[in-house]
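Take a look at the structure below.
Numbered from 1 within each chain, the chains take letters A, B, ... in sequence-line order.
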Amino acid sequence: MRTGTITGDLVRWYEAARRDLPWRLDSDPYRIWVSEVMLQQTRVEAVIPYFERFMGRFPTLDSLAAADGDEVDKFWEGLGYYSRARNLHSAVREVCERYEGTVPASYDDFRSLPGVGDYTAGAVLSIAYNQPLPAVDGNVLRVIARLFAIPDDVMSQKTRKTVVGIVSGLLPVGRASAFNQALMELGALLCMPKSPHCAECPVAHHCAARQRGLQTSLPVRARKSAPKDVHLTAVLAQTADDGSILVRRRPARGLLAGLWEIPNWAAPEPNSVDLETTVLSAARSQALSNMEPLRGRRLEEMHCLGQYTHTFSHRRWIMSVYHAQVDARSHCREPYRWVDRQERTMYTFGQVFNKIFREHLAQ
DNA sequence: GAGCCGTGGCA
DNA sequence: TTGCCAAGGCT
């Protein structure tokens, strides 16, 4: 293998090995921006179908700016980290108002938009405009930590700054786009977390970790704390006449902010020793007191649909789900709403609720 | 700095 | 089953 500088070897490899991804068809800064936001903490394979669908509906920055927020949510449904969609939506509206619809090339201007941090600002401006800015994500932290055998926790701000400095020093003027993408592509295709493919790596001969046999023990990352258990009771109320269900909008801030849900509440102390009938009657009385639209009504029939466990990044829901039948829709106000099967598909739910729908409601 | 904020794949 | 991970940002 012909060898040169890290930068040269990396860019040469990238030109040959780069994947054809939908956001690499051109250098439209809007498309690249959307892709970068979707890719935050999310795998490429998961993003591709979402990106295609999103760009089909919102092909231009203006079309996204003009869209209704609830519709944007619907196109994000299932991707997670929903504040990304809200921030992106609000940011493109700001670009329309303040920059005449053109993604600002100024780092300070672009970086100040909601949802745009150091990484995203560097990535979009380098990839779309070829600006010589570092774009340090998880891939780059790993690749650089190995190439330079950095033994420190890569999650710390200090180490991150070190890596930013190293990348800045390697950045080739005029090839920033290819270089930044090359670092990330290397992390995704060869320099992977578990078993790096060093034999195929274009910069293995530059790699301090490989020389010292440290390639699988680097980078060092602090361990994340385990998600905390939350016990919930949820009631899927449904009318006997047309099968409408009662849904509720979640608060604008916090977990699954602004999305819709099957009404639920903190379960009283979980006591598995209780008889089923005791638990069921408790859920019934809670449903009647906690769900405002059901207050003073009669539940025709109620039974347990099962227990659903859903793990978020920092929390685990253990949710007992009940089905309650009522004769017809009752009066209801926000945040509650009765929706029929067709209307339901227009609302955005967290995946745990969609799973319950899939398993218990006719599609 | 540390906690919050989703999801699905995989060992 | 559990833990780890994947192109982070906000408070």
Side-chain angles (χ1 to χ4, degrees), chain A residues 18-19 21-24 31-51 73 76-88 90-91 110-124 126-128 134-143 153-161 164 167 177 180-189 191-195 216 219-230 250-259 261 309-318 348-355:
Chain A
R18 65 181 295 208
R19 292 168 290 177
L21 300 172
W23 44 89
R24 287 181 175 163
R31 289 172 61 89
I32 289 164
W33 183 7
V34 171
S35 77
E36 287 302 340
V37 174
M38 286 188 172
L39 285 162
Q40 290 170 9
Q41 300 291 285
T42 310
R43 290 188 152 75
V44 166
E45 314 83 71
V47 166
I48 290 174
Y50 280 90
F51 181 81
D73 279 359
W76 209 271
E77 183 177 42
L79 254 190
Y81 287 142
Y82 298 94
S83 67
R84 293 183 295 173
R86 276 61 180 283
N87 286 333
L88 175 63
S90 128
F110 187 60
R111 172 68 177 81
S112 74
L113 295 169
V116 179
D118 290 338
Y119 165 75
T120 303
V124 171
S126 67
I127 295 172
V136 176
D137 70 340
N139 283 311
V140 177
L141 285 174
R142 183 173 61 256
V143 169
D153 174 15
V154 293
M155 291 289 91
S156 79
Q157 278 302 319
K158 188 164 172 285
T159 310
R160 191 188 170 77
K161 280 186 181 176
V164 166
V167 172
S177 171
N180 281 339
Q181 291 184 83
L183 277 176
M184 293 189 275
E185 198 79 339
L186 187 74
L189 298 182
C191 194
M192 298 172 297
K194 300 272 172 145
S195 47
T216 55
V220 173
R221 277 176 191 272
R223 289 194 34 200
K224 289 177 188 165
S225 53
K228 199 173 145 187
D229 286 356
V230 178
R250 294 177 60 81
R253 297 188 184 284
L255 189 62
L256 303 175
L259 302 197
E261 66 180 356
T309 299
H310 187 81
T311 305
F312 299 92
S313 47
H314 64 298
R315 196 140 303 175
R316 185 170 71 160
W317 280 4
I318 300 157
T348 305
F349 296 88
Q351 293 302 73
V352 62
F353 300 109
N354 283 322
K355 180 176 183 180

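DNA chain C lies under 4.0 Å from at least one heavy atom of each of the following residues of residues 222-230 of chain A: A:Arg223. Of the residues in residues 37-44 of chain A, those placing a heavy atom less than 4.0 Å from an atom of DNA chain C are A:Leu39, A:Gln40, A:Gln41, A:Arg43, A:Val44, in numerical order.
A:Gly187 comes within 4.0 angstrom of nothing in the nucleic acid, heavy atoms only. Using a 4.0 Å heavy-atom cutoff across all strands shown, A:Trp33 reaches no nucleic acid atom at all. A:Leu256 comes within 4.0 angstrom of sugar-phosphate atoms only, judged by non-hydrogen atoms across all strands, and of no base. Looking at heavy-atom distances under 4.0 Å, A:Glu45 makes no contact with the nucleic acid at all. A:Arg86 comes within 4.0 angstrom of nothing in the nucleic acid, heavy atoms only. Counting any heavy atom pair closer than 4.0 Å across all strands shown, A:Ile127 reaches no nucleic acid atom. Using a 4.0 Å heavy-atom cutoff across all strands shown, A:Arg250 reaches no nucleic acid atom at all.
Distance from the side chain of A:Arg315 is smallest for B:dC5 among the nucleotides B:dG6, C:dT2, B:dC5.
Under 4.0 Å is where a charged nitrogen must lie from a carboxylate oxygen, and between A:Glu261 and A:Arg250 at least one such pair does.
Atom CH2 of A:Trp76 and atom P of B:dC5 are 18 Å apart (whole Å). In this structure, the OH atom of A:Tyr81 is 14 Å from the P atom of B:dG3, given to the nearest Å. Put simply, CG on A:Leu141 is 13 Å from P on C:dC5, counting in whole angstrom units. Distance A:Lys194 NZ to B:dA11 C1': 6 Å, rounded to the nearest Å. The OH-P distance, from A:Tyr82 to B:dG6, rounds to 7 Å in whole Å. In this entry the distance linking CD of A:Gln157 with C1' of B:dG1 reads 9 Å, nearest Å. Atom-to-atom, OH of A:Tyr50 to P of B:dT7 comes out at 9 Å; the value is rounded to the nearest Å. In this structure, A:Arg316 atom CZ and B:dC4 atom P are separated by 16 Å, rounded to whole Å.
At the phosphate of B:dC5, OP1 or OP2 sits under 4.0 Å from a side-chain N or O atom of A:His314. Listed pair A:Thr120 / C:dG9 meets the phosphate criterion, a side-chain N or O lying under 4.0 Å from OP1 or OP2. OP1 or OP2 of B:dT7 sits under 4.0 Å from a side-chain N or O of A:His310.
At a threshold of 4.5 Å between non-hydrogen side-chain atoms, the residues A:Thr120 and A:Arg111 do not count as touching. Using a 4.5 Å heavy-atom cutoff, the side chains of A:Leu259 and A:Trp76 are not in contact.
Each of A:Asn180, A:Val167, A:Leu183 was checked for a side chain to side chain contact (heavy atoms under 4.5 Å, CB included) with A:Val136, and the lone residue meeting it is A:Val167.
Looking at which nucleotide of DNA chain B each of A:Met155 and A:Leu255 is closest to, the 5′-most match is held by A:Met155.
Atom CZ of A:Arg223 sits in a sparse spot, with 12 or fewer heavy atoms from other residues, nucleotides or ligands closer than 6.0 Å.
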